[in-house]
Amino acid sequence: MRMQLQWLTFAFAATVLTACGGSSGSDDGNASSSSSSSSSSSSSSSSSSSSSSSSSSSMSSSSEGPIAIEPDFDLYATTPSDFPVGVAVSAANDGYSIFTHSDASQRQDVIIRHFSQLTAGNIMKMSYLHPTENTFTFGDADELVGFAASNGMTVHGHALVWHSDYQVPGFMKSYQGDFAAMLTNHVTGVVDHFKTDYPGVVTSWDVVNEAVDQGAADGFRRSVFYNELPPVADGEIPEYIKVAFQAARDTDPSIDLYYNDYDNTANSTRLAKTLAIAEALDNQGIIDGVGFQMHIYMDYPSLNDFKNAFQQVVDMGLKVKVTELDIAVVNPYEAGTPALPEYDEQLTARQKKRFCEVAKVYVDTVPENQRGGFTVWGLTDDESWLMDQFANAAGADYEDVWPLLFNADLSAKPALQGVADAFRGQGCD
Ligand code: XIL
């Protein structure tokens, strides 16, 4: 609906520009430690210039505020095919809620303009939707899904099963009955609600999130789900994963079902486990794609790592979805915990190039009919989860790591231009 309309608008605008002699681009933790030591900081400064290839957005001066562009495009309308371009959003009473934050309506405007899909950063996780065995609480999620629906956007559901302690419902942690039946009831209850009340809006789900643990003997995380429903035999994937996917498939065969995990590109052990899960589910016909979280850094993982990982999923005939992209400008897991760099024109230009290259690998590697979408994990730099994550996991107290596409004041960063350039096939330099 919205996508087609916007495409027409975009095509019309492009035609007008061309007819006028203008050019189409005229104006415009869980992450692992990095072993990469190479730096390209001095080799990419050219991309900050407005005269570089495709980027002619006007850029504001850094001395007057954040380095920003004024895009003449709507990001999602720059896609070479109709794959969703998503953003994780805060809702309900979250700190940066698009409904209650002091700049909520401006946040909504930016989201509606540039994105075609939403993921709830928190409020569609297990404990929010299903706090006690006989209670489902959909009010907050309904507000978000309703917002998406009324603005022509879809929603990627996140996540039906995830081990993270803060959002596993208490009743599941001490469940005494038939765990498989309970899990089936959970998945069925959630998927059915959105299928029934918002037909065609929640088009996909992360059915299971982060089941891999490279430290475990068989590579699978020892969660409450694993403990209750482990693999039935050596070499099998945990039974709970199959139960959850089967329940989702049975409830709504029309939506795409994803297995989602982190650090599954450069880390070959984690990638292999991810692929093993996907293959086992694919053999039963109950998975549609693999989600790559992609909480990444400026120099790690490499573009080849992304290409290789995406390609292996493509070769299985499944969809590839970038589910949670952010690119921190500092990697706290590097030796010595690097100091916060200055976020200057040179660094914003390098980050623009990095975003562009990642988006380019995605569209270059994944065929149109296997593109599940491309989602960034948050709207503005200041709302990113990474500062807390780095403090907790790496003891790094960074005031900001500038990982997203918009500045705190909601102005667009050069990185936004980088993604658009890649989607339009215009190169990254
Ligand atoms: C994060 C949220 O962004 C934070 O607000 C919350 O405190 C913790 O969870 N991988 C995932 C997401 O799959 O659900 C996580 O989201 C980030 C890592």
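One-based numbering, in listed order, for ligands and for the atoms of each.
- Neither the backbone nor the side chain of Y262 has any atom closer than 4.0 Å to an atom of ligand 1 (non-hydrogen atoms only).
- Applying ring pair (Phe, Tyr, Trp, His ring centres under 6.0 Å) to H156 and the options F374, F83, W377, Y258 leaves one that passes, Y258.
- Atoms of ligand 1 found under 4.0 Å from any heavy atom of K125, numbered from 1 in the order shown, are 1 (C), 2 (C), 9 (O), 12 (C), 14 (O), 15 (C), 16 (O).
- If you check the side chains of T380 and R107, you find a donor sitting under 3.5 Å from an acceptor.
- In this structure, the ring of F292 has its center less than 6.0 angstrom from the ring center of F310.
- For ligand 1, the atoms lying closer than 4.0 Å to a non-hydrogen atom of W385 are 3 (O), 17 (C), 18 (C).
- The proximity of Q389 to ligand 1, defined as any non-hydrogen pair under 4.0 Å, does not occur for either the backbone or the side chain.
- Short contacts between ligand 1 and Q293, defined as distances under 4.0 Å to a heavy atom of the residue, involve ligand atoms 10 (N), 11 (C), 13 (O), 18 (C).
- Polar contact check, E210 against ligand 1: a nitrogen or oxygen pair lies under 3.5 Å apart.
- Residue H295 has at least one heavy-atom neighbour below 4.0 Å for each of these atoms of ligand 1: 18 (C).
- Residue-environment remark: CG (N93) stays at or below the threshold of 12 foreign heavy atoms within 6.0 Å.
- Contact annotation: Q167 has no heavy atom less than 4.0 Å from any atom of ligand 1.
- Checking side-chain atoms of T251 against main-chain N and O of V191 turns up no donor-acceptor pair under 3.5 Å.
- Under a 4.0 Å N-O distance rule, the pair K173/D165 qualifies as a salt bridge.
- For K273 and F220, the positive end sits near the middle of the six-membered ring, less than 6.0 Å away and at most 45° from its axis.
- The part of N209 lying near ligand 1 is the side chain, judged by heavy-atom distances below 4.0 Å.
- Contacts with ligand 1 closer than 4.0 Å are made by side-chain heavy atoms of N122 only, the backbone lying farther away.
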